[in-house]
2 protein chains.
Amino acid sequence: MDSKTKLRKAGLRPTKQRIAIADILFNGINRHFTAENLHNDIIQSGKQMSLATIYNCLNKFKNVGLISHLQSLGETYVFDTNVEHHHHFFNEKTGELIDFRPGDIHVKKFPKLPKGYKSSGIDIIIKLIEKN
Amino acid sequence: MDSKTKLRKAGLRPTKQRIAIADILFNGINRHFTAENLHNDIIQSGKQMSLATIYNCLNKFKNVGLISHLQSLGETYVFDTNVEHHHHFFNEKTGELIDFRPGDIHVKKFPKLPKGYKSSGIDIIIKLIEKN
DNA sequence: AAGTAGATTAGAATTGTTTTAAAGTAAAAA
DNA sequence: TTTTTACTTTAAAACAATTCTAATCTACTT
């Protein structure tokens, strides 16, 4: 499916800029990227586009589910008086974090790590919403 | 142990400001906070301190291991063309992210969730460093 | 008590993202 | 088709979080 159709199907107007972005993003290879990354790619391909447009488009794409964005633990630097290794519950509504001990969770099957690398740690975030 | 001693033991000069911060942080209750949070607490307790000092102190505290900071997935907003639910390898050196499928990992024992809440998802980040 | 290295501060600088308001463009209506 | 309308793009300004700068201050050493 070409970018134009894809955008239309998602309920977005296929503008020149959106098509250019979609052409880069949906070429079949999953990728992670920042607005800045993408802007560079576009500039280097000889096109011109403002960074604000990139942000606008990406946010629209995200809203309609064409892309996702990595839910870190929020936007700001969060400090923690707990220096032991531990994981977190994350209250999706309030943003509140609650610790839990590594012993309270047990990971059985492990994914195969990329060649030449070893694991230096694992961070687990269990997201919470109110029951009912 | 009082804050002054604690700071000295950690190799930090116990200044008025650091003591004030330590008094708030190390009162026995683990807590998560941002620089802004802490600044508000301090201002509300009638003390005066610049936000820059808060940042300086927290970074110092972090360097000596008195506190930790939550490793989000980096500082900037990262988008992802993969809209399926998935987890990530995180290359600690380069910041690169690689997806892995939820089926590639299996969590057996689950921590007890806070009362009144249910899980709305789980995010797992496996950090990687080069072997040898 | 005096000197020095390290700490604090206000304010400027930086970085990443969003907003604003004006000008442009795709889709719908005529 | 043309006109109209609603949505987009843009540069520039605004904003938010964090760090830096350079002057002042303070805890520790002597």
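Just so we're on the same page: letters track the sequence lines, and every chain starts at 1.
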N-O pairing of B:Arg31 and B:Asp41 below 4.0 Å: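 Yes, charged N to carboxylate O under 4.0 Å.
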Show which side-chain atoms of residues 101-117 of chain A pair as donor or acceptor with protein atoms under 3.5 Å away, not counting sequence neighbours.
{"unit_1": "A:Arg101", "atom_1": "NH2", "unit_2": "A:Asp104", "atom_2": "OD1", "d": "3.4"}
{"unit_1": "A:Lys109", "atom_1": "NZ", "unit_2": "B:Gly103", "atom_2": "O", "d": "2.9"}
{"unit_1": "A:Tyr117", "atom_1": "OH", "unit_2": "B:Asn91", "atom_2": "ND2", "d": "3.3"}

Using whole Å, report how far [atom1] of [X] lies from [atom2] of [N].
X: B:Tyr77; N: C:dT15; atom1: OH; atom2: C1'; value: 17 Å
X: B:His39; N: D:dT19; atom1: NE2; atom2: P; value: 15 Å
X: B:Leu38; N: D:dA17; atom1: CG; atom2: P; value: 15 Å
X: A:Ile54; N: D:dT8; atom1: CD1; atom2: P; value: 16 Å
X: B:Leu51; N: D:dA17; atom1: CG; atom2: P; value: 9 Å
X: A:Lys4; N: C:dA26; atom1: NZ; atom2: P; value: 8 Å
X: B:Leu7; N: C:dG6; atom1: CG; atom2: P; value: 17 Å
X: B:His69; N: D:dA17; atom1: NE2; atom2: P; value: 16 Å

B:Glu84 backbone acceptor or donor facing A:Ser68 side chain under 3.5 Å: no
For A:His85, ring pair (Phe, Tyr, Trp, His ring centres under 6.0 Å) partners two or more places apart: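 Partners of A:His85 under the ring pair (Phe, Tyr, Trp, His ring centres under 6.0 Å) test: A:His87.
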Residue list, ring pair (Phe, Tyr, Trp, His ring centres under 6.0 Å) with A:Phe33, at least two apart or on another chain: B:Phe79
Which side-chain N or O atoms in residues 53-61 of chain B pair as donor and acceptor under 3.5 Å with protein atoms at least two apart or in another chain?
{"unit_1": "B:Thr53", "atom_1": "OG1", "unit_2": "B:Ser50", "atom_2": "OG", "d": "2.9"}
{"unit_1": "B:Asn56", "atom_1": "ND2", "unit_2": "B:Ala52", "atom_2": "O", "d": "3.4"}
{"unit_1": "B:Asn59", "atom_1": "ND2", "unit_2": "B:Tyr55", "atom_2": "O", "d": "3.2"}

B:Ser50 vs C:dT9: side-chain N/O to OP1/OP2 distance below 4.0 Å: yes
Short side-chain N/O contact to D:dT19 OP1/OP2 from B:Tyr55, under 4.0 Å: no
Sorted by number, the residues of residues 56-63 of chain B with heavy-atom contact under 4.0 Å to DNA chain C: B:Asn56, B:Cys57, B:Lys60
Sub-4.0 Å heavy-atom contacts from residues 10-20 of chain A onto DNA chain D, ordered by number: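 When residues 10-20 of chain A is checked for heavy atoms under 4.0 Å from DNA chain D, the hits, listed by number, are A:Arg13, A:Thr15, A:Gln17, A:Arg18.
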Considering all heavy atoms, the nearest B:Ala35-B:Leu51 contact: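 What the structure gives for the nearest pair is O-CD1, 4.0 Å.
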Considering all heavy atoms, the nearest A:His32-B:Leu97 contact: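 Looking at all heavy atoms of both residues, the shortest contact is ND1-O, 3.3 Å.
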No-hydrogen, no-angle side-chain donor-acceptor test under 3.5 Å, A:His88 and A:Asp99: yes
